[in-house]
Every structure is written in C-alpha cells, then in structure tokens.
Amino acid sequence: MKNFLAFITVLVLGYMIVVSLDNNEAFPAYGEADVSSRVSQAFIDRSVTEDPGDIIFGQATNLESGPANIVTAIVADYRSFDTLGEVTVLFVSSLGVALLLGGKKQKRLELNFHPNFMLRVGSRALFGIILMTGVYIAIHGHLTPGGGFPGGAMIASSMLLLYLADDEFRAKIKGFKMLESFAGTAYVLIGLTGLLLGGYFLENLLDNGVIGDLFSAGIIPIVYVLIGLKVGSEISGIIDNFLTEEGV
Amino acid sequence: MLQYAAIAMLMLGLYGLLTQRNIIKIIVSINILEIGLNLFIVSVGYVEGGIAPILTSDFNNNGLVFVDPLPSALVLTAIVIGVGTTALGLALAKNIYQKYGTFEIDEMGEE
Amino acid sequence: MTVELLILVALASGILAYFVGRLNKVLGAVVTIVASMFIFIMIGYMMQDINAGTTFNYNAVEYMPDFVTFMVTYLGLFFAILVTFIFAMVSFFNPFFVEKYKYPALYSMLYLFSLAGVLGVFLTDNFMVLFFFFEFIVWSGLFLIPLGKNNKAAISYYAFSTAGSFALLYAIFIMFAQTGSYNLHLGLATVSGTTEGTYVLALLAFAAFAKLGAFPLNVWLPRALGKAPDAITAVFSGGLEKLGAFVAVLALVKLAPIGDIAGTLGGLTEATFLFASQYIVATLGAMTIVFGTLMAIRQDDAKKLLAYSSMSNGGYILVALSLGGTLGLSGGLYHIVAHALASAAAFLAIGAVSRVTGTTKMSELGGMIHKMPVTYMVYLIAIISMAGIPPMGGFISKWLIFQAVIDNGLILIAVAVFFGSIGSFLYVFRPLAALFLGQELPQHRDKAKEAPFFMLLPMLILSGLIVFTGVMPNIFLDFINDVIAELGGTGLLLGDYTITGVNGVLQPTLIASVFGVGVLIAFIIFILLKKSKKVGLMDTYTAGNFIYTEELMHYSLDFYAPLERLYEKHINITKDFYKKLENKVVDFGRMIKYFFFTNKPEITVFWIIVLIGFLLWGEL
Amino acid sequence: MSAILLIAVPLLAAFISILFKKYAHYILVFVSFASVFALGYMDLGTITVGGFNAPFGIVLILDDYSLIALYIVNTLFFLVAILNCNEFKKVGSIMLVALAGLNGLLLTGDLFNLFVFLEVAGIAAYLITTTNKKPLASFNYLIQGTVGSSLYLLGLILLYAMFGTLNMADMASSIANSGYGAGVTAFPFLLMFIGFGVEAKLLPFNSWTKGILANSNRLTGPMIASVYAAAIGFVFGRLLTNVFVIEDTFLIIVTIILIFSVVAGEAMAYASTKVREILLYSSVAQAALVVVVFMSGFTGWAVYLIIGNAAAKLVLFLITNTATKQLGNDDVETFKGLFVNNKVIGLAFTAVTLSVIGLPMFLGFVTKMNILENMFVSGDYIWPAIILITSVVEGIYFIRLLLNLWYKENDLPEVKFEFVLKYVVVIIAVLIMVFGVYTEPVQDSADNLVAYSYIEGGNL
Amino acid sequence: MIDILLMILTGIGVALFGFVLQTSIAGVNRKVVARVQKRYGPKWYQEFLDIFKLLSKRSVTHGWIFDFGVIMALGGIIGTAMFMPLTSSFMAFDGYDNFFIFVYLIAVGMLGMAMSASGSGNPLASIGVMRALTTMLAYEVPFMIVVLTIIKITGTSSLSEIGLFQQVAGNSWFFIALPIGGIVAVMALMGMLGKKPFETYIAPAEIASGPMVEYGGKQLGMLFIMHEITVFIEVSLFVHLFLGGAENIVLFIVKYFVVYTALNIISSVYGRFKIDQVVLFFYKWPLIMAITQAFIAIYLGWVI
C-alpha cells in the first residue's frame, strides 16, 4: 500500500514538473535552446577575450583556446577549475574507500569461481588492447570526443578485466598510489606555474598551434593525459579495495 | 521527448528512495536519479538538428549548427561526482554488512 | 558621586568580594556589608541634592556606549533608597550564613552584582540600560538561588523572570519603532493613548506581574523564595520584588489608561468609572491577594509562608497602583515601603531561627521565644505591620488603600482586599504561635541561643523603622508626595501630624499615644494586684492526667486544619496549568524527534516532494 | 598573494600527503596554520581562474564578507585540527581536502563551481563522520547529502536554461532585468534552497543530524556543528542576499520551513535529556535563525550571529565530547556536577552558553538586541515575537543543563581535560565576553558589512 | 498641652463608662436569659462581683509573654474604647473616630490575647485561638462590605458624622434604609461577640473555654474586663452605624440595651456551629446578601 501511495505522489509530482516547465516562458522547450543568447556561444567561436573571426579547421592558429573538441576546451581550459575540483572528488572517494575497506595486509577475496587456464592467458592479450585504446582516447582528448575521464575509465576497466579473469592476481597498489599522487601534484603545479608566469591560475602558457593537430592546444592535452592516468589509477585502487579482504 | 524521459528517470529515482529499505537498492535508486539528472542536463543543451560540438575538417563548408557544449561539459563533471559518491556508498554498504550482517535497514534496529 | 561611579563601585566591590572571599569566606561577606552600607549612604546623600529641586541628568562616562545615560528622578530615588537600605540591612547576615554555601566567594560577588543591577534599573532614563540591568539581576539572582536547597527552583525563577523581561524588551522595541530613541519618558509619552500603547501597557504589566509574582505568574515565587538561602529570600522579597512594582508604576501610571469602563457597564450613575486596563489589573491584583492568602494559610514551612505573604502584598501594591489617583498612588507607594521593611524583618527573624536550628518547618520547631526573645519581639513588630494593625506602618498604607477602594466603589475588589487584610493576620500569626510560642521542644533546647549582636542590629533597626513609619508617617508621605507630583498626580493632604483621606482624617501619633496610655493603665492594674507564681510550661490544665513529652503538648502541625480542608482540592491551579504547558512542549518535541529523526532517508525525500508539490500546485 | 592559493595549496598538500601516510596530520596542521596566517596578506577583489573573465570563466570573489568568513572558518578549522591531530591520524589528508573544499565554497563566485566544491566538502564530511563508527548514520548522511546536491544541480541547470549564464553576479543581473515574474524563478530557487537546506540543517531536511551529532566524537562534533555550519551559513547567506529572488508562494514556503525549524528545534532540545542532543537541536534552531536574519536583509548581524554560534558550538561540543569519551554516555544524569572540580572549563562553558541564550555582558546579547532592533525598525513584528518566545524556551533548557552541571554534592564524575583544550576554550570565552562588553568594533563593522552585501568585485 | 491631657482623661472616662455600662447590662441580661430558661438568674451586679473576686485572687503565670500578652490585650482595648463617641456629638478625640481604627485596634486586643494564650503552652488554648481567628475571618468580610456601602453613601467614615447623617430629617436609620445590610450586620455582630451559634472559640465543652483555659486570678479578671469593653465597642459600633447614633446619652443607653438584649435572647436559643460550618455559613448567605446590598445601594441607588 505504501509503495502504491508513493508511486502516485511521484507520478503527480512528475506531471506537475512537466506542466510547470512547459508553461514557464523563460524555460526553452526541448530542442529550441538558442545557444546564441547563452554564454556558450563565446566558447563555440572562441571569442571570450578577442574575436578571431571564423575558425577554419586545420588553418586557424593560436586561438584563445586550442582544442578542436569544444567540450574539452570548456572542461580543460575555460572551466578547468571545475575539473580540478572534479579530480579532487574522485581522489577523496578513492582515499575514503581505501580508509574504509583497506587494512594493512590484504589478500584476494575468496570467490567460488576459479577461472581455467585458457581464460587467464586469453585475458592477458585482451588487457593490452583495452589499455591501448584507453590511452589513445586520453591522448586524443582535445581532437576527438572523450578525453581524460573516459580514457582513465577504460584503463581501469582493463585492470578490472585482469582482476576478474584471474582470482590470484593483485596489482601493485603502491604503484597506483605513486601515479595518482604524481598526476595530481603535476596538475596543480601546472596550474601554479600558470599563476606565477601568466598571472592566472591554470592559464594556458604554451601557444595553441594549429587547431586540429595532435600537438596543439598548449597544456590541454598534457592536463588531460594526467587526468586520464589519475582517474585510471584511482578507480583501479577502488577495484582493488573492493576485491580484497583483511587477511595474512 | 528526451526531456520527459529524463524527468521520468528522476521520478523513478525518487520513488526508489521513498520506498526501498535495502542499502544496495537505495544506492541503485540514487544512481537512477543521477542518470536522470544527467540526461536532463544534456537535454537542456540540445538544439534541433545540431551536431556534436567538435570542429572537424568538413565543418566549415556546409554550415552546420552546434549543440550547446556547456551542458555536456557540466554533465562530464556530474557523472564523475556520481561515481565518487556511489563508490563511497558501496564502501559504506560493505562496512554496514560487516557490522550488521544485513542490508535491510529495518533489521538493523536502533544502534 | 555620580550614578555610574556608584554602579562601578558596586561592581568593583563585587569582584573584590569574590577575591577576598576566595581567601577567607567570612571576610568576603564582610566586604558585602561595607560596600552595601557605603552605597546606601551615598544614595541617601544624593537625596539632599535632589531635594534641592535639581534633578541631575548624569551623562555617560566616556568609555560607555554613548546612549547609556542615567537620570536621578524622585521615583527612581524612592525605590533606590528603599532597596539599597534592604540590601544593606540584609548584608549583615551574610558573614554568618556564608560558610554553609557551596560557592561562598561567588555568593558575595553575585550579591553585590544584583545590588549594582538594582541601582542601574532605578536610576536610568534609558530603556535599553534598564533592560540590561534587569537581565543582569535575573542572571545574578539565577546563580544565587541554587546555593540554597535545590536548583529546580532556580529554573522556574529564570523561566518566569526571563519571560517577563522579554515582554519588557518587546515593549521597548515597540516604543523604539515609534520614537526612534530609547528614552524612557519620551517613549512612554509618545505611545500612551495610541493602540501601540495598549500592547505596551499589556507587556509592561506582564513584566511587572512576572517580577512581583502576581496571580497568573506566581508559581516561581514560593518555590524560589522557599528554597533560596535565607539572606537571599529576604533580599528578594524586600528588594528585588520592588522591581516589579517599579515597572508596574511605569505601566499603570505613566501610560494613559486604555478604554473607559463606564461605557462598557452602560452609564451607571454615581459610580466613578475606571478604565478597562486599570480594572483588569486591579482584578488580577485582587486574585493575587486571595490566592496568596489562601496558600499562605496552609504552608508548613515558614519561609514559604512568608513568600506567599509577599505575593499577596504584591497583589495589594498592584490593586493600589491600578486604582491610581492620590489615594491609590500614595497607598501603593507607602505599602511598598511598609511591606519591604516588614517582610525583610520577618525573613531575617526566620533566618536567625533557621541558622540556629537548621530548619524553618513549623512542625519541627516550637517555643523558640525562651531562647531568642529579641528575635521574637522583632518578628512580632514585623507581623503587626504586615497584618496592618495600627501602631505600625502597615496600617497607614492599608487605610489609604481601603479609602481608594471604597472611593472607587469596587465591591468585588473590596471583598478581596478585606479578605486579604484579615487573612494576613491569620497567616502571620501562624509562625508566631507554632514557631516561637508553645512548648519548647527538647531537641532545640540546647542548640538554640540568641542571635549574635551583629545579626540583631539590622533586625532592631528594621523594627525601629517599622514603628517609626507607623507613628510618624508624615515624613515619608512628604517624600511620596514629591514622587506623585513628579508623576503628575496631586499629593496627599498632610497636616503636621494628620493625614486627610477622602472620607476621614487619621492621626497616627494620636492612635499610638492612646494605645500607649491604654497599655499603661493595664500595666498599672497588673502591677497593683498580687504577684502570680511562675510555673513551667508543662504544668498546664490537662484534665487530671500527666503528660511528659513536649511534642504532645505543642499544637503546630497544620494549624488552620478546618480552614485548609475547605479549599484543599483546588490548591495548585496555576502549578497544574504550567505543568500541562511544559508537557505540551515536551510532547511536541518528542513527536517531531520520533517522526523526523530516523535513520531512513525517505523522510527527507518525502518532505522535499511535498514542498515542491506545494510550490507547483499553482501551475496546474 | 592571490586567494587561489587558499584552495590550491591544501589540494597540493593532500595529493602529496597520501604518499607520506605518517606525516599527514603534521602537514594538515602546518597548512591550516599557513592558510590562517596567509589570510592577512590576501588582497581583496575578484580573481579570474584560467584568464577568462567573469561570465565565461570561473571567478573567485574576495570581498569583506568572504574575508571575515574565511578568517572564521580557517581559525575554527585550525583549532579543530590542533586539538585532534594526534588522535585521528588516518583522516589527515581527507581533512586537507575538506579545508580546500570549504575555502572553495566561501570564495567561488560561480554557481556550478559552488556545486563542485559543495560535493568536495560534502564527501570529505561523509568520510570524517565515518570516524564515529556508525556506518548507517554516515550512509544516511551521504544519501541525503547527494539528494540535496542533485536537487541543487537540477535547480542550477534550470536557471542556466533560462538565463544562459553560470556566474552569480551575471545571473542576478540577468534575472533582475529579464522582467520575468517571480513565479518563473520560484521552482529552481526552491530546489537550490532545499539543496542547501539539507546541508544547513533546516528542519524537514536534516534527519541526518541526529545520527551524526548525537554520537559524534571530538573531531566530528566540532567539525560538523561549528566549522561546516559556519561555512554553509556564510555561503547560504551570500546566495540568499545576492542571487535568490524570494516572493509570494516561495516566500510562504520558506517562512513556514523557518518557523517550523526554529520552534521545533527549541521544542526538541527542551524534550531531550542527552547533552549532545540538546546542543544539536539548539544548533538546528540557531541555523534556521541565521537564515531568517539573512532573509530580512541584515547581513552584518547575521555574520555575527554565525560567528557567535560557531564559536559557542565549538566550545560546547569539544567539552561535551571529551567528557563523553571518558564517562561513557552523555546523559545529563552522568554529567551532573561535572564542573565542581574543573571550574575553568565550567566557567568557559557557562560564559558561552549564556552568550548563546543572549544574556547581557556577552556577544550574543549585542547581536540579538541589534537584530531585534533592526527587525522592529523594518516593521516586522512577528519574527521578533517568535525569536523572544523561543529564546525563553532555549534559556530554560540551557539553564537547567547549567545548574545540573554546577550544583551537585556527592560522587562527582572525574573527567580530565588536557591543557590545550582548556587554553583554547578559555580564550574563546574571554573573546565572547570582551566583545560583549566593548561593543564599538562589533557595532560599526556590522553596519558597514551590510553595505557590501552585493558582490562588489564580481563585475556587476 | 492641657487640652490633650483633658482629651485623654475624657477618653479614659468613656472607657470606664463603657465598662460599667456593659457589665451592668450583662448582669441584667443574665437575668433575662435565666427567665427564658425558667429560672430567676443572679443579681444584676453579679458580673462586677465575679471580676473583682478574680482580680483579688493570686494566680499562676507561664512566663513573661503570658503576662505581657494580657497587658497588651487590655491596653489595646482600652485605647480603642477611648476613641468611641458616646453620642453623635460627644467624644474624646473630636473628628478622629474613624471606623477602621476600631476594626484594627480590636485586632490588637485579639493579637495580645492570642499571643499569651499560645504562650501558655496548653494546646487547647492554641486551638481556641485558631478558632477565634478563623471565626474572625468569617464574620469580618461581610460586615466590612456593608460598612463600605454606608461609607460610600454617607461619604465619610467617622462614626459620629454617620450618626448625624442618619438623624437628618429626610433619611431613616441605616437598619431600615439598608434592610439586607442590617440583617448581615446583626449576624456579623453575633459572630463578633461570640454569641451562641458562633461560640466555637470558647466552646466550654470541647476545648475547656478555649483561649481562657490557662488563666486564673488577675489575668482572668483582666481578660474579663477586656471582654466587656470589647462587647461595649462592638455594640456601640452597631448602634452608631445602623441605629442612627444618639442625640443624648439616655437614647444611646436605651438603644444599646435593646440591641444587646435582643442578641442575647436570640443566642440563648441556638446550639453551636462547628468551626468550618461557621466559615461556610458566613461565606454563603451573608456575603452574597452584603454584595447585593452594596450593589443595589451604590450602583442602583435604591436606598429607602
């Protein structure tokens, strides 16, 4: 009975929200969002500081923010402070999971599934391929969709594959910790150098080069790779914590 | 249409929170809620007939319109925050299980 | 000697008393005596300047915030002298009582802090300063009361006095919103007569009722005074209760009364019409008198009995002030003086007894007169004045109040006032008979001895003053006339020895001398006749059988048993009311705690949905 | 020195500290002291991050309002860190992240950035409360916190869809001259209000408070009840005064919530017999009061109310939790007569409680009087009545607590308070007394604070 | 200075006259009551004999308060009697015969007696005192309300002027003008005098004549004198207030005699109330009658 009542209330609420959004004149209907009246128009034609005219892929050089993928431009350049905050969230949650579950000496969780030899060997091969795609996505963040976060997630998924396929396998946690801390510190240091030299925290010091090249958009790709590594190591740390338990 | 789906997902998440008493189910409904929210964020930026906001070689010859890039940037962050909280929730769930031996809140009784 | 310096002296001596008290308890208490005597003399000294017709307006000492100003008015000075005098007299008791308390040094400090607070309240013309010191007294009184028996009484004291002072604060702010300044006289003047004036009058009356312990808010007075240390009870009933009277004067006299009653009673002939507000306050005062008297009659603990008596006398003050006019005002103010002196003396006497015997319960005491005759005489004079019997001051104020009540033709209030005056005779006599007279109980026979000289001194001074206010009241009435003149009323018609009320002339000195002549004649008759043989107390007419135990021959347990039986069932009306109120709050709190604070997130989500639903309801 | 360092340095320290597990808490103490110290050299104004100015990039605002906020939160944080550094070694780096999160909250001028820092600080808070050894309560806190921040994000996105910007000042100005009625923005603002209501402990949304604070320890008690409460209070104040537009139906809902929180908070405190419960319910009521004062527009005095409450709750929770750890449970019965033989702690506890109630000679009195005075002048007669009645109830249960703690004869509980705690507690009590009496600086700093309630830096 | 001395002497004279008048009338009344009970009764001066016999005997004392109380009682009553105006024009202290002085100075006498009775150590005495005080509480309030009406109507509270007010041609005695008030006053007077229905505080059977139990010899004699003078004050109060005072002394004595004898006759046929019956009785009918009388007289102005 309680569930039914809750269902009714939730339904009525949903209906009310939909109706109120419909006849709310300020809220644009689905699909008719006029981007020009919004802040993001400046991001699209890179005209926050000065107007570079129309941007031709492959020719426009040192625009105010380099990456071809505008979403990466916003995430890593215009609003890169959010991403810093973002990374801290993930850092804290992985630290927290380690605090909650991690003990001194951990050993692999006793699962009743014991993989046979074929699975253990086959997964090694697949591991390499997944890892490479993850790294590729991280590196090409500023050109193609994806970037640090999806890349990092794929790296972690490759680690997960190993964990699942082989029940004695344990990655070297120490290494992840080192990588994570290195990437984080590097990211903040880049920001600080931006503050010291360029006057603004996280400023893009290197020139942006030609839009569309692999080595363009200044510090963005570097930052995104660092983020990819950090996310990868953190999530693998979390996976390790979940799949292990207290024991000699 | 996507927006109605997003709001429906939101409501489903709220329904889950209202009724479920199992720790894992609560975490699942929180995730549904967040996915709904993320969908809604993206739907706000959708422009009829717009393409993904990435400059590519064939962009400058046939005058295409971009979808609003900012919501997708924000959604990127929101997703990762969702991951963070879910990881923490699951860790707490494991702790609770070790302490109380069950996931049902009613059976845990007053601490 | 400006007012600020005086207050600073009081505060400084308080702190000094604390440090001296840390070294040696008794010395700390002695400091309180010296300080309060000094302040009393200074206030008395200030009396001359004011008589010379100059009302001083002392501006702030430089480092105080600029709006703190003090002004010495007749009204303020009247109260200040009286209360500082009570503080000074009671302070003589401190050295003897201070060892028994848990925090002796704190006791002396807070004693002088409340004295400073009293000065601050009476001698200022700025409402915020008045409220500051009002709270200051509540705050220091709060930590004094639990030094006695238990601390539950302090909580109810705090509850009611804070409710009172916050009502005062609300009124202050209403006036501030009107006038933009905290000036007392300006505020009251601008507000009186308007609708805000009604709220201000109601709130000030509420504050006065809370401080005086009048009918609706009387639960704290007997509990706090019954449980507090003896010296503090004397100070409270003699001095601090007069704060309530001071606020009552502000409310009832300086504010124009609201709404006239003649209109409501349909144009009755010849009965003078009273304003609705005065009538309500008078009725509540009358109920306080009746309630206080009935409760006092049935008390077994002498201190609680006197606490109820100060409550019913508070009722008298309220009735007198609310009737207004020359008679009402002078009767009220004089009753404040008479009651302050009488109740302080009575409490000190009871305190002296409790110091020696450790208890003030009448059922455990008896025959204290044999070992403490002087305390007995002091107590006798005090209760003669409290009962309003002629040679003492109480009679003059009661006579004035009766004149006011009769002149205004208020029958029901007259019933209460007459009942109160006769009832006061009953309940003041009870400690006299049960505590002092009757058989001398063995357990107290060895311990009891007369109070030392330093304790008797204040008691004798007080009783001397009581007699003096009874025989030669005109000196005090002259001063009261100045106060009334300052408040805008016309003073009492005073001959050199006579007081002319509205329907009769009174010459207190004549009454006293005639009473003296009568006693002389009786004494002569007594002396002429044969000397009678002295016989022990146990040797009495007991219809032939022998009795050896004193307890059997001492009648003190429930003295007015037949009277108490009549109203036993509904004694604690107000106590039950406040207990129910408290339970309501506790249930409400527990219900919300149970309903809202569970470890399940669904409560919050549910309420979020409800709120959003409520907002979007309009959209449908 | 630009204010960004207040966020960047703790983050850097956090990333490094995971390597040297053993020295984490020393780094924590050093960094928090450095941030308090560095505040002296910060220059006011807006700091753009990444070189892109206001409506497009993210901007941090350091005006008088956030400077005072930073001073208070950082000093309190430093005190909590110092007092708990050797007991809770494991949470060193999490505390560093919390510090970064809190500083970010107070400084940021961008709404989405505010959401991110709210999450950072929130997650750090969930982890700190896990030291209470009550996983279910922390879980409940996590779920409600996440629901709250998701609603905040939903509201934020709605506003973005309507006005196309994320910067606070820009949002405020575009709402102002967009000419839409209040009904348009009511729904998103309500969502954001609820989002913050959960964190600020307003009544219908704070069912997590009892689980967390009722069995808190020396770290979580002061951390949640005073440091986080102060930070959230300041941020909520900034939102309420600058961004929110509160009219008719939304105003009714908010007023109902606030009245309900204040009254129910006091009633619950009155009804509870455990010391920590009394304190937490009274802090619920105080939080609601802070929101009321912000909404009536006296930002200066709301700031002093927050400072008074935060300092008071720090002292109260520190003392209570230290005593509870040594006595087992925190019933008023077991606490009876606690101060008889540790008078210094008792005096500080009494001074602080009397200041919370608002008795004269204390900071609380000055703040309460001025708030009431301003309310009356601005013609509001209902709220002062509610405040006065609830402070009578509040006075009663605090005095009942105080008298129980001071006056008892036999078998007194023996509790040892170490020197550092005594030292800190006495300083705070003395400060409250000093500013209670010498009210000049409080008076004029509060008045001119009101003038700057708008973000002077965030190029309006 | 001389005229003050003269006034005091006349006062003492009035008190003496009062004592002698009342004792002789009491003697006569003892014969009247005896006649009612079908016996002859003692000689009219029997009261004098009793008193002087007692004064001459040696007695016992229980301490200084025991004696001091008796002195204070007698002294107080004599003081009150000195103020009493005999006729509407002749009184010791001209213009100071205020009604409230009498009501409260009697209380001094009562207090003196109560003090010495409790001081005597006999519990029966204390119980007697308690009963006396409770009865006083009972009859006093209705009586005062009626007097309030009288003072309100006449505008003055001095007895002689009230008497003169009643003697003025137009208006009749208050006993007739305020009929209900008159009845209440009679009842109150019987309470004051301690006549039969309200005699609980002497109650010879239960508490051995209450407060008087420990007295003997001169103390008892002095208390008898006090009792006689109290009766004189109360009855003459009634005469002045309700029977229009008296132009000359003879009229005063006649009215006095009529009132006192009527009361004695009424009381001789009554039993005795229990103490709480006394209180309940006075707070039921007399109080209501007094209040209605006051309401009618003051607010509606119906004075016959």
Side-chain angles (χ1 to χ4, degrees), chain A residues 1-35 37-39 82 85-103 149 153 234-235 237-239 241-243 245-246, chain C residues 65 151-152 155-156 158-159 162-163 166-167 169-170 173-174 176-178 180 195-196 199 203 206 575-620:
Chain A
M1 177 50 198
K2 199 164 90 68
N3 296 2
F4 177 71
L5 217 60
F7 182 71
I8 294 297
T9 35
V10 158
L11 210 63
V12 162
L13 184 71
Y15 175 70
M16 268 201 274
I17 290 177
V18 164
V19 162
S20 80
L21 286 184
D22 280 356
N23 48 34
N24 179 337
E25 70 270 18
F27 185 74
Y30 176 67
E32 286 99 17
D34 61 343
V35 180
S37 76
R38 292 189 184 166
V39 164
D82 279 352
E86 189 34 51
V87 161
T88 7
V89 164
L90 212 56
F91 165 75
V92 170
S93 48
S94 88
L95 198 66
V97 167
L99 180 79
L100 282 171
L101 303 179
F149 296 106
E234 266 150 17
I235 297 180
I238 290 174
I239 292 164
N241 283 325
F242 272 110
L243 285 177
E245 62 184 350
E246 204 68 30
Chain C
N151 55 35
K152 230 158 52 51
I155 298 163
S156 56
Y158 175 81
T162 334
F166 278 157
L169 183 67
Y170 200 83
F173 278 126
I174 292 178
F176 179 78
Q178 300 291 325
T195 50
E196 280 79 13
Y199 305 139
L203 289 167
F206 183 86
K575 208 182 291 168
D576 294 349
F577 168 72
Y578 288 110
K579 192 133 295 306
K580 270 202 284 298
L581 193 69
E582 196 197 347
N583 291 346
K584 285 261 165 329
V585 170
V586 168
D587 295 346
F588 176 63
R590 207 166 285 137
M591 187 265 290
I592 294 202
K593 231 182 344 189
Y594 172 74
F595 183 62
F596 271 93
F597 287 90
T598 57
N599 255 331
K600 293 186 271 298
E602 68 205 29
I603 300 287
T604 334
V605 171
F606 171 73
W607 279 105
I608 291 169
I609 293 173
V610 161
L611 283 175
I612 297 174
F614 184 77
L615 178 80
L616 298 181
W617 194 256
E619 306 293 330
L620 291 185

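A note on names: the letters A, B, ... follow the listed sequences, proteins ahead of strands, and every chain is numbered from 1.
- By a heavy-atom distance cut of under 4.5 Å, A:Lys2, A:Val10, A:Leu13 are the residues of residues 1-14 of chain A near chain C, going up by number.
- Near-neighbour residues of residues 581-597 of chain C relative to chain A, defined by a heavy atom under 4.5 Å from a heavy atom of that chain, are none.
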Give the table of side-chain donor-acceptor pairs shorter than 3.5 Å for residues 86-102 of chain A, with sequence neighbours excluded, one pair per line with atom names and distance.
{"residue": "A:Thr88", "atom": "OG1", "partner": "A:Leu84", "partner atom": "O", "Å": "2.7"}
{"residue": "A:Thr88", "atom": "OG1", "partner": "A:Gly85", "partner atom": "O", "Å": "2.5"}
{"residue": "A:Ser93", "atom": "OG", "partner": "A:Val89", "partner atom": "O", "Å": "3.1"}
{"residue": "A:Ser93", "atom": "OG", "partner": "A:Leu90", "partner atom": "O", "Å": "2.8"}
{"residue": "A:Ser94", "atom": "OG", "partner": "A:Phe91", "partner atom": "O", "Å": "3.0"}
{"residue": "A:Ser94", "atom": "OG", "partner": "A:Glu180", "partner atom": "OE2", "Å": "3.3"}

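- Partners of C:Lys152 according to the side chain to side chain contact (heavy atoms under 4.5 Å, CB included) rule, which considers only residues two or more places apart in sequence or in another chain, are C:Asn150.
- Heavy-atom neighbours of A:Tyr30 OH from other residues, nucleotides or ligands within 6.0 Å: above the threshold of 12.
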